[in-house]
*Asks:* 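Sharing a structure with you now.
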Protein chains: 2
Amino acid sequence: MLTDSQRKTLNFIRVYIANNGYAPKLQEIAEGIGIRSRGVVHRYVQALVDAGYVENTLGKHRGLRLREKTGLAGQIPFLGRIAAGKPIEAIPEQDEISLPNFFTGEQQFAVRVVGDSMIEMGILDGDIVIIESRDTAKNGEVVVALIDNEEATLKQLEHTNEGLVRLIPANQKMEPMLYQPEQVRIQGVLVGSLRRY
Amino acid sequence: MLTDSQRKTLNFIRVYIANNGYAPKLQEIAEGIGIRSRGVVHRYVQALVDAGYVENTLGKHRGLRLREKTGLAGQIPFLGRIAAGKPIEAIPEQDEISLPNFFTGEQQFAVRVVGDSMIEMGILDGDIVIIESRDTAKNGEVVVALIDNEEATLKQLEHTNEGLVRLIPANQKMEPMLYQPEQVRIQGVLVGSLRRY
DNA sequence: AGAATAGAGAACATTAAGAGAACTTTCAAG
DNA sequence: CTTGAAAGTTCTCTTAATGTTCTCTATTCT
């Protein structure tokens with residue numbers, strides 16, 4: 001169980017290594033977390049070593065290395081934001097992503113997307129999308145819709161002024177389709193997506 | 001049987017831990033449930049301990065732990081494949097996806113992408129990408145690269161025949177960039193992405 | 001009225017954070 | 001190879017923050 005300062009220290013080390021490729025000096029850590037004493041930093045680092053997050057080559061300059069902490073599955077260190085042309089920018093407050101907690105919600109299911117119909121919204125062939133089971137949706141939401149009780153499709157929803165339902169693919173090569181409301185049954189609404197390379 | 005305030009306290013602790021991965025301080029609980037007195041919070045927490053909902057490491061900061069099963073979370077029913085114009089097609093071998101085990105691998109970290117430079121590969125502004133720490137990559141892989149030891153960027157990698165390194169954005173509006181090999185340090189390789197709507 | 005619940009806040013004990021001195025080791029410039 | 005500055009290590013001391021234990025007051029419900 002890390003203390004606040006220890007966690008802050010670990011986070012700084014991770015971001016530093018991601019940005020520089022080598023470990024920080026104690027002095028740099030001190031400045032990074034906003035204190036002055038190298039001795040104090042050393043104490044925090046030692047705690048991280050004891051807790052298994054970090055390895056230390058004793059005495060060597062920049063001798064810290066990150067260790068794979070084999071704790072709970074699905075916890076991934078979150079470093080911050082990456083924008084082209086800048087170093088990775090740390091975000092205080094959040095230092096880990098919990099995959100189980102990332103998609104929280106009631107009544108969800110997952111499907112694998114086949115085809116390119118939503119490619120312009122960044123949903124590619126093979127992606128897995130997380131859907132929240134619902135039978136209604138607002139304009140603009142992306143839904144899993146069942147058409148004529150036989151075809152399922154993932155499209156953006158629009159209720160037209162004429163009382164019809166339009167299902168809009170995110171792909172210039174495809175045309176939106178118009179349906180009578182009773183033809184279309186909404187099965188759920190898109191709440192997330194994930195992809196593995 | 002918990003009182004209203006005790007339930008409120010328990011709920012706050014659950015949400016806090018789910019969001020942060022560690023327990024709140026009494027002061028934070030107090031603010032969270034809208035009161036001022038740490039002493040009162042302590043009384044509620046003690047009641048939760050007595051009722052078996054929570055464990056406490058005496059005296060330690062952030063020493064609370066939930067006694068609930070947290071391991072089962074993160075399973076989402078997997079219905080199969082959805083292709084426009086067909087029913088959802090069940091895949092017999094798999095009926096659940098396990099979020100904690102979705103990204104398995106050594107030395108991973110996550111960053112939030114800022115900007116549209118990879119938009120044509122389905123990585124949008126705000127997406128979170130999972131990176132596996134490595135210092136080498138093959139042609140075609142998407143990497144976090146450190147340029148001149150100061151800029152970090154997410155681009156597709158290509159080693160040219162001339163021995164140079166090309167970093168290619170997935171965005172027609174942006175140009176690939178050529179670098180000397182010693183200018184570019186590879187920090188990791190893209191292995192996954194996730195997005196929440 | 002009496003009991004249960006809620007809240008404030010003082011007082012105290014302990015933990016955690018931080019400064020900085022003193023010492024040892026590493027490392028790079030001569 | 002030598003040497004001195006810089007880095008890592010080990011301390012002691014101080015302070016700030018947090019958890020713990022009280023007492024007191026108010027409110028609600030039976």
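Residue numbers begin at 1 in each chain, while the letters A, B, ... track the order of the sequences.
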*Asks:* Which pair of non-hydrogen atoms, one from A/L64 and one from A/A23, has the smallest distance, and what is that distance?
*Replies:* O-CB, 3.3 Å
*Asks:* Rounded to whole Å, please give me the gap between CD in B/E31 and P in C/dG7.
*Replies:* 15 Å
*Asks:* With side chains defined as the heavy atoms from C-beta onward, is the minimum distance between B/R14 and B/L66 less than 4.5 Å?
*Replies:* yes
*Asks:* Taking B/L190 as the starting point, is it possible to reach B/V113 by hopping between hydrophobic residues whose side chains are less than 4.5 Å apart?
*Replies:*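 Same hydrophobic cluster.
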*Asks:* Quickly work out the A/Q6 CD to C/dA16 C1' distance and round it to whole Å.
*Replies:*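 Distance check: A/Q6 CD to C/dA16 C1' gives 9 Å.
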*Asks:* Round to a whole Å and report the spacing from CD of A/E28 to P of D/dA6.
*Replies:* 14 Å
*Asks:* Can you say whether a donor on the side chain of A/S37 sits under 3.5 Å from an acceptor on the base of C/dG20, or the other way round?
*Replies:* yes
*Asks:* How about B/E132 and B/F103: do any of their side-chain heavy atoms sit closer than 4.5 Å?
*Replies:* no
*Asks:* Considering just the side-chain nitrogens and oxygens of B/S5, establish if one lies under 4.0 Å of OP1 or OP2 belonging to C/dT5.
*Replies:*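 No, because none of the side-chain N or O atoms of B/S5 sits under 4.0 Å from OP1 or OP2 of C/dT5.
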*Asks:* Please tell me which of B/I35 and A/K8 maps to the more 5' nucleotide of DNA chain C, matching each residue to the nucleotide holding its nearest heavy atom.
*Replies:*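 Closest to the 5' end, via its nearest nucleotide, is B/I35.
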*Asks:* Starting at atom CZ of B/R36, determine the distance to atom C1' of C/dA10, rounded to an integer number of angstrom.
*Replies:*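 Rounding to the nearest Å, CZ of B/R36 and C1' of C/dA10 are 15 Å apart.
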*Asks:* Whole-Å distance between C/dG7 P and B/I29 CD1?
*Replies:* 14 Å
*Asks:* So, is A/T3 near the phosphate of C/dA17, with a side-chain N or O under 4.0 Å from OP1 or OP2?
*Replies:* yes
*Asks:* Is the shortest side-chain heavy-atom distance between A/I88 and A/R81 below 4.5 Å?
*Replies:*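 A/I88 does not reach A/R81 side chain to side chain.
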*Asks:* Is a side-chain N or O of A/R166 found less than 3.5 angstrom from the main chain of A/P176, in a donor-acceptor match?
*Replies:* no
*Asks:* Using whole Å, report how far CG of A/L48 lies from P of C/dA17.
*Replies:* 11 Å
*Asks:* Once you round it to whole Å, what is the distance between C1' of C/dG18 and OH of A/Y44?
*Replies:* 6 Å
*Asks:* Using a 4.0 Å heavy-atom cut-off to protein, can you give one letter per nucleotide of nucleotides 9-30 of chain D, 5' to 3': B if the base is in contact, S if only the sugar-phosphate is, - if neither?
*Replies:* BB-------BBBB---------
*Asks:* What's the shortest heavy-atom distance between A/E141 and A/R134, and which atoms?
*Replies:* OE2-NH2, 3.6 Å
